[in-house]
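Here is the structure we will look at.
The figures that follow rest on heavy atoms only: side chains count, while hydrogens, waters and symmetry mates do not.
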Amino acid sequence: MMVLEKFAASNGLLVGFLFVGLVMALAYWIARHLTRGLLHGSAIAIALGLLLAWVAGEQTGGAKGVADWPLLAGVGVLGGSMLRDFAIVATAFGVRLSDLRSAGWVAALSIPLGVVVSFLCGAVVAYGFGVRDPVAITTIGAGAATYIVGPVTGASLGAASDIISLSIAAGLVKAVLVMIATPLVARRIGLDNPASAMVYGGLMGTNSGVTGGLAATDPKLVPYGAMTATFYTGLGCLMGPSVLFLAVKAVLG
């Protein structure tokens with residue numbers, strides 16, 4: 001055991017990638033063989049990650065999930081803000097504005113509309129539970145947009161760590177729900193062509209949820225939904241700590 005801990009200490013990031021790869025492999029095996037494709041592997045992987053984080057917290061008394069286990073300390077680096085931001089930038093570099101224009105004004109308008117509607121849902125729920133601080137309401141509302149927009153907004157506004165955690169949780173719940181619901185409602189809403197996939201990605205916004213759901217619906221639609229979902233994330237990160245925060249502050253006084 002000591003040898004493994006020494007290896008993990010000196011190769012933490014490598015062990016982190018290996019651990020995540022094994023979890024993803026298990027999740028996709030479960031999706032393929034136990035759920036017959038009803039649940040996408042990404043949704044199962046998120047559920048497994050949350051379960052393992054809870055187990056680690058109960059066992060170690062820590063607050064960093066599986067990173068509190070010495071063997072998996074590298075997961076804390078892999079899941080940190082630095083690599084998260086690199087992933088956002090890398091995804092955005094694959095998007096071309098000309099592709100969005102080709103989808104027409106409907107796809108373009110779906111992005112700000114999706115951000116505002118998701119934000120309002122999160123903000124209303126936060127207010128309903130007694131939250132009155134504009135910074136907290138804005139952070140939670142931004143988390144309802146995506147679990148990336150939430151912490152970015154919270155960090156920009158100086159929100160407390162527990163509020164940022166709530167925003168991430170809201171975004172994760174949304175991502176899982178979108179993954180599960182997309183293949184179930186695709187036929188009813190006409191989600192069977194690139195144009196509708198772009199609009200859907202712009203309205204839903206959560207990159208992981210949209211790509212996972214579209215992959216379970218029709219893999220050919222994934223790039224189109226992911227493209228507008230990426231714009232959604234970028235726009236949400238811009239609007240959250242600026243326009244949306246000022247709007248919340250103006251309403252609450």
Side-chain angles (χ1 to χ4, degrees), residues 1-35 38-91 139-140 142-155 159-180 206-213 215-216 229 233 237:
M1 192 66 174
M2 292 296 294
V3 175
L4 290 175
E5 289 184 1
K6 288 181 179 180
F7 177 81
S10 57
N11 301 276
L13 195 56
L14 177 62
V15 174
F17 273 110
L18 177 61
F19 170 74
V20 171
L22 290 174
V23 172
M24 291 299 296
L26 175 61
Y28 276 85
W29 184 90
I30 293 174
R32 187 179 303 111
H33 296 285
L34 299 185
T35 71
L38 183 61
L39 294 180
H40 194 267
S42 298
I44 297 174
I46 290 176
L48 289 175
L50 293 174
L51 176 62
L52 288 171
W54 174 76
V55 172
E58 287 292 316
Q59 187 179 38
T60 64
K64 297 180 180 179
V66 296
D68 287 318
W69 285 327
L71 284 174
L72 299 176
V75 176
V77 179
L78 181 60
S81 59
M82 180 182 69
L83 289 180
R84 177 202 67 198
D85 294 339
F86 274 135
I88 297 171
V89 172
T91 305
T139 301
I140 295 172
T146 79
Y147 58 78
I148 293 175
V149 176
V152 169
T153 299
S161 59
D162 56 339
I163 296 297
I164 293 178
S165 297
L166 280 175
S167 74
I168 295 173
L172 283 173
V173 170
K174 176 184 176 181
V176 173
L177 289 177
V178 171
M179 283 184 199
I180 296 173
T206 169
N207 233 319
S208 56
V210 167
T211 54
T233 300
C237 289

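Pairing each heavy atom of Asn207 with each of Ala229, the nearest pair is OD1-CB, 3.9 Å. Closest non-hydrogen pair, Ala144 versus Ala170, comes out as N-CB, 4.2 Å. When all heavy atoms of Ile164 and Ala159 are compared, the pair lying nearest together is CD1-O, 3.9 Å. Counting all heavy atoms, side chain and backbone alike, Ser208 lies closest to Ala175 at OG-CB, 3.7 Å. The shortest non-hydrogen separation linking Ala56 to Gly65 is CB-O, 3.3 Å.
Distance OG1/Thr153 to CD1/Ile140: 12.0 Å, rounded to 0.5 Å. Atom-to-atom distance recorded for Tyr147:OH and Thr233:OG1 is 9.0 Å, nearest 0.5 angstrom. With values rounded to the nearest 0.5 angstrom, Leu72 atom CG is found 9.0 Å from Leu52 atom CG. In this structure, the separation between CG on Asp68 and CD on Gln59 is 10.5 Å, given to the nearest 0.5 Å. Taking OG1 of Thr206 as the start and CG of Leu177 as the end, the distance is 10.0 Å to the nearest 0.5 Å.
Side-chain atoms of Ile44 and Tyr28, non-hydrogen and from C-beta on, never get closer than 4.5 Å to each other.
With hydrogens and angles ignored, the 3.5 Å screen pairs no side-chain donor or acceptor of Lys174 with any backbone N or O of Thr146.
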